[in-house]
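Before any comments, here is the structure.
Letters A, B, ... are given to chains in the order of the sequence lines, protein chains preceding strands, and every chain is numbered from 1. For the numbers below, each heavy atom of this structure counts, side chains included, while hydrogens, waters and symmetry mates do not.
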Amino acid sequence: MALPCFLLAKAKKQAPPQAAAELANALSGKLDKMEVRAAGPYVNITIERALLAQTILAEIAGKGASYGTSNTGNGRTVVIDYSSPNIAKPMHVGHLRSTIIGAALVHLHEALGYKVVGINHIGDWGSQFGGLVVALRRRGKTLDEANPVHGLLELYQWSKQQVEADAQFAAEAREAWRELESGREGEVRELWRWVTQTSLAGFAKTYKRLGIQHDLVRGESWYEPLLKETFERVAQAGVVEESQGALVVMLGMIDKGLKETPCLLRQSDGTTLYATRDLAALFSRHAEFDFARALYVVGGEQKLHFRQLKAVLKRMELAWEAQVEHIDFGLLLGPGRTKLASRKGPVLVLDDLLDEVVDEALKVVSEKNPSLDEATRRLVAEQIGIGAIVFNDLKRERIKDVEFDKAQILSFEGETGPYVQYTHARLASILRKAAESGEAQSATQLDLHALSDASTVLLGLARYGTAVRTAAERCEPSLLAQYLLGLCRDVNAWYAHARVLGQAPEVTAARLELVRATKCVIGLGLRHLGVAAPEVM
RNA sequence: GCGCCCGUAGCUCAGCUGGAUAGAGCAUCGGAUUUCUAAUCCGACGGUCGCAGGUUCGAAUCCUGCCGGGCGUGCCA
């Protein structure tokens, strides 16, 4: 372990090597079983390997699933807005990133002891629902039961065509939207509700496969009754003015970069806008949850929007503005950096993608591990396929665009989810074999010197809590993903040459303890990322 | 035009927010299995950290200016 002494040197106004020497001098003898030595501007502290091993392994064995957690968030709430797809359209790959990153942030904040409220802010409102209602009226609520989401998409696309092609249809659609906006119960509202529920039922399957459960599903429509008071609240703060027929909040005095882009709250025809609705949601959430953090896991294309929202709060002199964070992320791109999630053109439906990757995983599992029975094989293939997709999305910095390279995802080699899962499964396998042969219990004494070549693994295990904490604080799951890749590399390299079973009992016992601890940490880390940790594969 | 982001090996990316000799994966080439799963491991090859200045003991990291790419830019969400 190396301790750089540059800061110390600055404080003491000495040359770094001299400061290091003095520090080493002062420390030596005070740290039990450690050797302290100055080396140029660094103080190197050498810990007896056995002591290091014993300390770390004991802590992991003792804490188990709570290893790496903390209570820094106790008593505080984090609200996380993620996934938030539009109703009546299937979830496509464009929703993947928000969903996956958001779910990881939920787990990471829970690990820090926060109360987490995951919100699915579904797009269930807008004039397009007028057209959809009319389409349903004409064609009836007949959808393919097995695949209602595809059916709804077809219906939605048909209604859009009709609105453009058929004036009569368009007029009826406008009327239906007006009726919906009025809030009255009746046929129109009932049909709208049916669309919403059918859609959500379709999404539920996808969410289940991804292991995702929101705490609150609350669409845009829910905030509709709050819009008036929201607008008045902003107006009463005295920050609203008229500009070109619309009502806006000027933001140049808060943020120079926004001087030409005021926040529009009300259009010239009197209707509200996206920003008004999001402010309503924000006020409502703040009143309801009194959050320590409110995270919006939304693509980087909407940076301006959130910058405006925060600036509006600032102009209103609301101190909690700083607790609202836009967790932005890069685009999901197709092969050759083409746009993938475009509004036109064939959308890549999320479920189809999951199926495709799982099918490939099934082939690989069958080939690599034919001894598994059919049911296990299918289960494992699902875990691997989903894991490959999720991990692929989380392994890089959020802000970077993700090129969706199918061949790379299907390779299951190198820096991938399956690589981490495979490491976990192999460690599990060693533990299983040890239990079968009874080697696990035979020795009570551990020969910790048998782990002298495993210090990178041990130090890695010790760093787990830090990885979790920084990943949560910075809302950057890739820090944990990268940590796991490193840990797996280290432990793979270790057990490629250090045999665990069939050694002297004390040696086997010590190595088993390392295997157990590492398997535990990999499993915890994977689950925080939303990836399954299979026992076999 | 303006605002924000990105630029590190042939390709995709790390680099612990200023510290020791810049690291991984893919690709290419060569090796490892009588024994815990070869979805693994070991080795080789591969770098003017976009360019130019500046800050200091020290810069891939901080500041300024360029160059290249992306996203956004008042009545869509």
Side-chain angles (χ1 to χ4, degrees), chain A residues 2 4-7 9-10 15-17 39-42 44 84 86 123 125-127 220 243-248 255-269 271-275 277-278 298-305 307-308 328 330-331 333 337 343 361 364-365 367-369 371 384 395-397 399-403 405 407-408 411-416 418-423 425-434 437 439 463 466-467 470 474 478-479 481-483 485-486 488-489 492-502 508 511-512 515 536-537:
Chain A
C5 296
F6 299 99
L7 278 173
K10 201 163 272 181
Y42 292 86
N44 288 330
S84 305
N86 290 320
W125 207 242
S127 57
E220 290 179 72
S243 169
Q244 300 170 31
L247 294 172
V248 307
D255 182 338
K256 278 184 196 149
L258 295 178
K259 75 173 172 261
E260 279 165 30
T261 47
C263 180
L264 271 80
L265 291 183
R266 186 176 286 183
Q267 310 186 68
S268 32
D269 67 2
T271 55
T272 58
L273 284 127
Y274 183 36
R277 291 199 272 285
D278 252 7
V298 179
E301 311 90 88
Q302 295 195 33
K303 265 190 132 166
L304 177 61
H305 167 70
R307 200 168 154 196
Q308 287 180 328
D328 59 339
L331 270 39
L333 299 170
R337 301 191 67 79
R343 297 188 183 177
V364 177
V365 172
E367 176 197 322
K368 303 268 185 188
N369 198 345
S371 64
I384 293 169
K395 74 180 175 191
R396 296 178 243 267
E397 241 186 330
I399 196 66
K400 294 238 157 73
D401 293 343
V402 170
E403 193 172 339
D405 184 346
Q408 202 184 319
S411 83
F412 304 152
E413 283 172 21
E415 298 179 320
T416 65
Y419 170 75
V420 179
Q421 291 175 314
Y422 179 67
T423 307
R426 285 189 66 176
L427 295 176
S429 172
I430 294 175
L431 293 175
R432 251 190 329 272
K433 292 227 154 81
S437 68
E439 285 191 71
R463 276 180 27 237
T466 308
T470 52
R474 286 154 66 170
S478 67
L479 292 172
Q482 291 291 337
Y483 163 85
L485 287 172
C488 287
R489 246 192 324 267
N492 276 325
W494 173 72
Y495 79 57
H497 70 266
R499 199 174 165 76
V500 177
L501 302 179
T508 288
R511 290 182 176 164
L512 269 177
V515 168
V536 291
M537 63 185 271

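- Under the Watson-Crick or G-U wobble criterion, with both distances below 3.5 Å, B/rA52 is paired with B/rU64.
- Regarding contacts with the backbone of B/rU37, a side-chain N or O of A/Ser429 is found under 4.0 angstrom from either OP1 or OP2.
- Within the 4.5 Å cutoff, the side chain of A/Phe412 has no heavy atoms near those of the A/Met537 side chain.
- If you check every strand for non-hydrogen atoms under 4.0 Å, A/Lys433 touches sugar and phosphate atoms only.
- When the P atom of B/rC36 is taken as reference, atom CH2 of A/Trp494 falls 15 Å away, rounded to whole Å.
- With both ends at atom C1', the span from B/rA22 to B/rG46 equals 14 Å, rounded to whole Å.
- Protein atom CG of A/Leu258 is 13 Å distant from nucleotide atom P of B/rG74, rounded to whole Å.
- Side-chain proximity of A/Glu301 to B/rU17, B/rG72, B/rU37: nearest is B/rG72.
- Rounded to whole Å, atom C1' of B/rU37 lies 14 Å from atom OH of A/Tyr419.
- Counting any heavy atom pair closer than 4.0 Å across all strands shown, A/Gln421 reaches no nucleic acid atom.
- Taking the P atom of each, B/rU64 and B/rA27 are spaced 41 Å apart, rounded to whole Å.
- Of the residues near RNA chain B, A/Arg396 and A/His497, the one whose nearest nucleotide (by heavy atom distance) lies more toward the 5' end is A/Arg396.
- Using a 4.0 Å cut-off, no side-chain N or O of A/Lys303 falls inside it from OP1 or OP2 of B/rU73.
- In this structure, A/Tyr274 does not reach the B/rA77 phosphate: none of its side-chain N or O atoms is under 4.0 Å from OP1 or OP2.
- Nucleic acid contact class of A/Thr261 (heavy atoms, under 4.0 Å, all strands): sugar-phosphate only.
- Here the closest heavy-atom approach between residue A/Asn86 and residue A/Gly123 is recorded as OD1-CA, 3.6 Å.
- Listed candidates were B/rU37, B/rC41, B/rA77. Nearest to the side chain of A/Asn492 is B/rC41.
- When heavy atoms are screened at a 4.0 angstrom cut-off, A/Val536 is found touching base atoms of the nucleic acid.
- Using atom P as the reference point in both B/rG7 and B/rC51, the two lie 13 Å apart (nearest Å).
- Proximity of A/Arg426 to the phosphate of B/rA38: a side-chain N or O atom is located under 4.0 Å from OP1 or OP2.
- Under a 3.5 Å cut-off, the side chain of A/Asn492 and the backbone N or O of A/Cys488 do form a donor-acceptor pair.
- Taking for each of A/Gln302 and A/Ala498 the nucleotide of RNA chain B with the nearest heavy atom, the 5'-most of the two is the partner of A/Ala498.
- In this structure B/rU17 sits in the syn conformation; its chi angle is within 90° of 0.
- A 3.5 Å limit on both hydrogen-bonding distances identifies B/rU73 as the Watson-Crick or G-U partner of B/rG1.
- Within the 4.0 angstrom heavy-atom criterion, no nucleotide atom of any strand lies near A/Arg463.
- One interatomic measurement links the two molecules: CG of A/Leu331 to C1' of B/rC5, which rounds to 11 Å at whole-angstrom precision.
- For the C1' atom pair drawn from B/rA14 and B/rG54, the interatomic distance equals 28 Å after rounding to whole Å.
- Between A/Lys400 and B/rC5, a side-chain N or O to OP1/OP2 separation shorter than 4.0 Å is absent.
- Of the C1' atoms belonging to B/rG74 and B/rG18, the separation is 43 Å, rounded to the nearest Å.
- Rounded to a whole Å, the CD1 atom of A/Ile399 is 11 Å from the P atom of B/rA14.
- Between B/rU56 and B/rG10, the distance separating the two P atoms is 34 Å to the nearest Å.
- Following rounding to the nearest Å, A/Arg489 (CZ) and B/rA14 (C1') show an atom-to-atom distance of 9 Å.
- A 4.5 Å side-chain heavy-atom check between A/Glu397 and A/Gln482 finds every atom pair outside the cut-off.
- In this structure, A/Ile384 reaches the bases: a heavy-atom distance under 4.0 Å links it to at least one base atom across the strands shown.
- Contact annotation for A/Leu501: base contact, defined as any heavy-atom pair under 4.0 Å involving a base atom.
- Contact annotation for A/Arg307: backbone-only contact, meaning every heavy-atom pair under 4.0 Å involves sugar-phosphate atoms and none involves a base.
- Separating the CD atom of A/Glu413 from the P atom of B/rU12 is a distance of 20 Å, rounded to the nearest angstrom.
- Between B/rG68 and B/rG23, the distance separating the two C1' atoms is 26 Å to the nearest Å.
- Here, B/rC45 and B/rU34 have their C1' atoms 34 Å apart, quoted to the whole Å.
- With a 4.5 Å cut-off on side-chain heavy atoms, A/Glu301 and A/Leu331 count as touching.
- Across all strands, A/Leu264 comes closer than 4.0 Å to base atoms (heavy-atom distances).
- When the C1' atom of B/rU73 is taken as reference, atom CG of A/Leu304 falls 6 Å away, rounded to whole Å.
- Across all strands, A/Ala467 comes closer than 4.0 Å to no nucleic acid atom at all (heavy-atom distances).
- Within 4.0 Å (heavy atoms only), A/Ala246 reaches at least one base atom of the nucleic acid.
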